[in-house]
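Dropping a structure here in structure tokens format, bear with me for questions.
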Amino acid sequence: MQHPDEIKWPKADFSRVPLSVFNNADVFAREMERVFQGPVWNYLCLEAEIPNAGDYVVVYVGDKPVVVDRADDGSVHAFENRCAHKGTKLVRHNQGNVKNHTCIYHHWCYDLSGKLIGVPFQRGYDGKSGMPATFDKADHGLTTLEVATYGGVVFGSYRRDVEPLESYLDKPMRDYIDLTLGRPVEVLGYWRQRIPGNWKFYFENLMDSYHAGLLHQFQATFGISRSTQRGGSHMDKLKRHRIIYVHYGSDDTQAAKAGYGDAKVIDDTLKLNDTRMIEFIDEFRDGRSILMMTLFPNGFFQRLSNTLAARQIRPKSADEFELHWTVFGYQGDDPDLRQRRLLQNNMIGPAGLVSIEDGEVGALIQDVLGANPTANTVIEMGGTGPIVDPDSPLTEIPVRGFWRYYCHLMGFEPEGGAAWRP
Ligand SMILES: [Fe+2]
């Protein structure tokens, strides 16, 4: 296996990515430390998932399980799901409500902020045994993360010196959150799936709108997202996050078919008995049937037709990740809209009419990686050189923005790339 520092990045503008970074265990180990525990804000959960004191969810930051909960004073806390005593998994359910967190092994008990508040038999019994007098519970709390929230979204960081969340998100992403989460949210359910691929393939996929109108025949055929529609992307100042949008009905079906040429992605023979799944209700009055936000390094917010969801990428190894979906609507949605959101969920999740294909592509890449130790991917759609906001859905430019920031954190230097550092 190549040492991570021996991997060659042949283009300064990140228009080539060495395939070896997708299956190298040493690269994966460095990512867990320098990316997920680096100077970033990881997406943790929605505040709507923990509305009351004592509510908790277990999420992941990189490959580390992290508990997020709400304390009695309403504050939100995050800590590693690992007892400070023997390293036992502390919280064993995915979500719930508790007064405190007590380990089943020796019943060490932590308050909702992660402080150790109880150690059975700390003073022994009947004048015998007990912890030494020097033992101080204050020294044995859980490993906590910095927590910040914006617009009902909870973020966590391992770095105490991380930049303020508002600056990390930057204005386009804050605007997206204001728009999409600016009213009380109702969590409708969850999807969870294992994908036998590398987590970075999936992050690329989320930033690559070029694939969306080609791989996903369902949404191209029914006009939810096509490469021929009007659309574009916005990025933050460091080009690590991205928003993509397309305008529903902004192309003509016949012209679109001509544009696709022989690709045969639009298939007129496909029909639906219940068309509510493809009927886009313009609830935000902006005509956008796709409005998606990718947040470095692990978050994704989705508006696909009338489905709303947040996704969390949970790397497990270089060859596998879990994808966790929190599907939501708004409190007070009228029953018809709520029903449409649920119905349109057939497009997403592990077996979704659209999303199933993304998981399959991850497996198709991972399957043959071992046979391609020195090959590179090609990222040129939309142009090479400067990483700028594209004005078309036919683009891979934001993918290069992801790699630029990734390399910056990982200490990878492309050939002649010093001027490209963020
Ligand atoms: Fe996709």
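Side chains included, hydrogens not; waters and symmetry mates left out as well; all remaining heavy atoms used. Remember, it's 1-based here, ligands and their atoms both numbered in the order they're listed.
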Q) Heavy-atom count around Lys171 NZ within 6.0 Å, excluding the residue itself: above 12? A) no
Q. What protein N/O/S atoms sit under 2.8 Å from the Fe ion (ligand 1), by chain and number?
A. His211 NE2, His216 NE2, Asp358 OD1, Asp358 OD2
Q: Over 60° means perpendicular and under 30° means parallel, so classify the ring planes of Phe14 and Trp420, tilted if in between.
A: perpendicular
Q. Do Asp333 and Arg341 pass the salt bridge (charged side-chain N to carboxylate O under 4.0 Å, His left out) test, and can you show the C-alpha distance, the side-chain angles, and the key distance before you say yes or no?
A. CA-CA 10 Å; Asp333 274 346; Arg341 293 199 206 286; 2.9 Å; yes
Q. Given the side-chain rings of Trp199 and Tyr202, with only the six-membered ring counted for Trp, is the space between their centroids under 6.0 Å?
A.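 Not under 6.0 Å, so no.
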(Q) I'd like to know if Asp251 pairs up with Arg226 as an ion pair, taking the criterion as any Lys NZ or Arg NE/NH1/NH2 lying under 4.0 Å from an Asp or Glu carboxylate oxygen. (A)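 A salt bridge is present here (some side-chain N lies under 4.0 Å from a carboxylate O).
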Q: Kindly say whether the aromatic ring centers of His85 and Tyr105 come within a distance under 6.0 Å.
A: no
